[in-house]
Protein chains: 2
Amino acid sequence: MTPATRRRGTELEQAIFDAVFEQLGAVGYARLTMEGVAASAHTGKAALYRRWASREDLLRDALEHALPAPAEVPQHGNIHDDLLELLRCYRDVTEVTKGAVFKLLKIDGEDGYVLLHSVVRERVVAPLRQMILDALRRGAERGDVRPEAATRQVAHVGPAMVMYHCLTESADLPDEMLISIVDEILMPIVTVSGGPGRLSPTGTGPGR
Amino acid sequence: MTPATRRRGTELEQAIFDAVFEQLGAVGYARLTMEGVAASAHTGKAALYRRWASREDLLRDALEHALPAPAEVPQHGNIHDDLLELLRCYRDVTEVTKGAVFKLLKIDGEDGYVLLHSVVRERVVAPLRQMILDALRRGAERGDVRPEAATRQVAHVGPAMVMYHCLTESADLPDEMLISIVDEILMPIVTVSGGPGRLSPTGTGPGR
DNA sequence: CACGGAGGGAACGGTAGCGTCTACTATTTT
DNA sequence: AAAATAGTAGACGCTACCGTTCCCTCCGTG
């Protein structure tokens, strides 16, 4: 029995989606072409155009396909570990999409991004913010998070730091970086009292 | 005496640089072309190619020209106002370059991107970080900043929040947003004294 | 004044990529 | 088995843009 020589249906689509991210990594969004994706996927343009009317349609589907299902809010019972796990989820998303999460966020004038921008906002930015906010609120009820820190603005800090690091320093996000963000930045903001063994300030304890 | 009908030398270059940012705002980096810039500047392509070998060369010069000289570290005598002024400087830079600072940080791939990326890092990201770090260190000496907060990581928080806001919410950066970032995020991290009114800017700056 | 350099405008040949089409054929469906 | 679907490969006409060249003429300088 000879094995099939052609990929069909979802198998071919998976190869095409893989090629999208390979090309995003290799040439960036600005120079991503249908021809390049087709070549990387070892298929013809007609197979792409049979499914997608445009580059942006293809990108949107590739992105939707690559993004994981929404995660559950962690239940570690302490805010430090909850926040760390959420930032790890975020890191994983940026890695699986070859940094597309950041690069497809719209800047004025980049009209082609509109559709993609909203995908990233709805599937990445908003769910992550909501999960962080939920973790903060639960921490506030537990008593290890200051109630005033359970805000939308504070929920942005971790993701903002991750993005800034990736765009200005290195796409590499080792665990030590995530831990540093949680310890040095997030914990001083959110904790009622600094705990022992943490870098959070001890001088912010009771007495306020 | 009839006025000159042609722009020459630096006058023409200024018009070309203006056109670069106009086009960056209108069509984005991906679709920025020499023809588009020339048309926007109401000049011929030959005038561009006489000065710049490529689109990236032109962009680099336009950026270098638009970026302000490095500012001085503020001397307000309190960290709150120092940080606020530095974030305002950052906001001004993003505005004067029509968001180019962020757009160019997103570029990926080979060729000229490395050069543009490094211009933004060397002329915007690194100086701003240094100034924030200097302000934090001076605050630590003064006593209104806790010494453990005078770190590179903490110096990134403000700019990171500004960028995240621009990329995920709105390119508009009203003063209230900058104040909120300083009050709700930066002050809890950097201040030695907490207090029940920590999130309100009580007593942190004269004339507030 | 004359001269040279440069600005403005247009034309040019070339190319990458687009979107479409065709022919062949592998594979699934009937 | 035959028929239908879709994958593969290549060709095609078109467009935008590139980078260069040319011509005319403005403008600064000697």
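Below, chains carry the letters A, B, ... as their sequence lines are ordered, and counting in each starts from 1. Just so you know, these numbers use all the heavy atoms, side chains as well, and skip hydrogens, waters and symmetry mates.
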### Task
State plainly whether the residues A:Arg152 and B:Glu169 are in salt-bridge range, i.e. N to O under 4.0 Å.
yes
### Query
Taking only residues two or more places apart in sequence, or in another chain, which ones meet B:Phe17 in a ring-ring contact (aromatic ring centres under 6.0 Å, His included)?
B:Trp52, B:His65
### Query
Going by atom types alone, do B:His165 and B:Asp172 pair a side-chain donor with an acceptor below 3.5 Å?
no
### Query
Of all the choices, D:dC26, D:dA6, C:dG17, which nucleotide is nearest to the side chain of A:Glu35 once you look at every atom?
C:dG17
### Message
Below 4.0 angstrom, which residues in residues 40-49 of chain B have at least one non-hydrogen atom near DNA chain D?
### Response
B:Lys45, B:Ala46, B:Tyr49
### Message
Mind checking if A:Arg7 touches a base, just sugar-phosphate, or nothing, with heavy atoms under 4.0 Å?
### Response
sugar-phosphate
### Length of the line joining B:Arg6:CZ and C:dA6:C1', which is rounded to integer Å
8 Å
### Message
Side chain of B:Thr33, heavy atoms from C-beta onward: which of C:dT27, D:dC27, D:dC17 has the nearest atom to it?
### Response
D:dC17
### Task
Establish, from distance only, whether the side-chain atoms of A:Asp183 and A:His80 form a donor-acceptor pair under 3.5 Å.
yes
### Query
Does B:Arg8 make a side-chain N or O approach to OP1 or OP2 of C:dG4 shorter than 4.0 Å?
no
### Modelled atom types, side-chain donor and acceptor of A:His117 and A:Arg121, under 3.5 Å
yes
### Query
Rounding to a whole Å, what distance do you find between B:Glu13:CD and C:dG8:P?
12 Å
### Query
Nearest-Å distance, CD (B:Glu11) to P (C:dA6)?
16 Å
### Message
In this structure, how many angstroms lie between the C1' atom of D:dT20 and the CZ atom of B:Arg51, rounded?
### Response
17 Å
### Task
Rounded off to whole Å, could you give me the CG-to-P distance for the A:Leu12 and C:dT27 pair?
13 Å
